[in-house]
Amino acid sequence: RLAGSRFAAMSSVLERMYHSRRQYTGNSPVGMSPISSLKLCDTLVMYDEMFQTLQEFGHGSCQVTHGAFCVDQTPRKWWPSGYEDWAQHSFLLFDDGTIADITADQFDDSLPQLWWPA
């Protein structure tokens, strides 16, 4: 029973990731990580209240995490002095440290559209 409920919960989370990507991210993930991650989190919380999805999933609660990473550490000749190329990004962080990301492919086409665990 436990393995079946965990499998069903994982399937439900991946399904919510797919639908959030389709509904909120749209055709291009560029610049859509904050709203896409927020709506995915809202949806997972709602499903947890109705079906205990996150409890069955076993990774704890989730929260939207906003951050940035340095895209290019080699300065370009045309950059102003001291400029650094940072890109903003948002994703879901679970209590156990695992990450769900439905917009990571905006930075690299080789990354999956639904990245779990990222």
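The two atoms that bring Thr103 and Ser90 nearest to each other are OG1-O, 4.1 Å, heavy atoms only. The two residues Asp85 and Trp79 come nearest to each other via the heavy atoms CB-CH2, 3.6 Å. A pairwise comparison of heavy atoms in Phe91 and Ala100 identifies CB-O, 3.7 Å as the closest pair. Closest non-hydrogen pair, Leu14 versus Leu114, comes out as O-CD1, 4.3 Å. Residues Thr53 and Asp48 approach most closely at N-OD1, 3.3 Å, considering heavy atoms. Nearest heavy atoms, Cys62 versus Leu92: SG-CD1, 4.1 Å.
Under the 3.5 Å distance criterion, the side-chain polar atoms of Ser20 are matched with a main-chain donor or acceptor of Arg16. Within the 3.5 Å criterion, the main-chain N or O of Ala8 finds no donor-acceptor partner in the side chain of Ser12. Not a single donor-acceptor pair under 3.5 Å links the side chain of Thr98 to the backbone N or O of Phe94.
Phe51 and Val13 fall into different hydrophobic clusters, defined by Ile, Leu, Val, Met, Phe, Trp and Tyr side-chain heavy atoms under 4.5 Å apart, directly or through other members. Both Phe107 and Val71 are members of a single hydrophobic cluster when ILVMFWY side chains are connected at heavy-atom separations under 4.5 Å. Hydrophobic clustering (ILVMFWY, side-chain heavy atoms < 4.5 Å, transitive): Leu93 and Met17 are in distinct clusters. Clustering ILVMFWY residues whenever any of their side-chain heavy atoms sit less than 4.5 angstrom apart, transitively, puts Ile99 in a cluster other than the one holding Ile102.
Summarising the local packing, CG of Asp96 is surrounded by more than 12 heavy atoms from other residues, nucleotides or ligands at distances under 6.0 Å.
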**Q.** Asp105 vs Arg21, side-chain contact (heavy atoms from CB on, under 4.5 Å): CA-CA, chis, key distance, verdict
**A.** CA-CA 12 Å; Asp105 61 314; Arg21 166 91 183 200; 2.7 Å; yes
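Ring geometry for Phe57 against Trp116 counts as tilted: the plane angle lies between 30° and 60°, on a 0 to 90° scale.
To the nearest 0.5 angstrom, Ser37 atom OG is 7.5 Å from His66 atom NE2. Atom CE in Met10 sits 9.0 Å away from atom CZ in Arg6 (nearest 0.5 Å). To the nearest 0.5 Å, atoms CG (Asp95) and NE2 (His59) are separated by 11.0 Å. The line from CD of Gln88 to OG of Ser33 is 8.5 Å long, rounded to the nearest 0.5 Å. The CG atom of Leu40 lies 11.5 Å from the CD1 atom of Ile35; values are rounded to the nearest 0.5 Å.
Between Tyr47 and Met50, some side-chain heavy-atom pair lies under the 4.5 Å cut-off.
Partner of Asp101 under the side chain to side chain donor-acceptor pair (under 3.5 Å) criterion, chosen from Gln106, Gln113, His89: His89.
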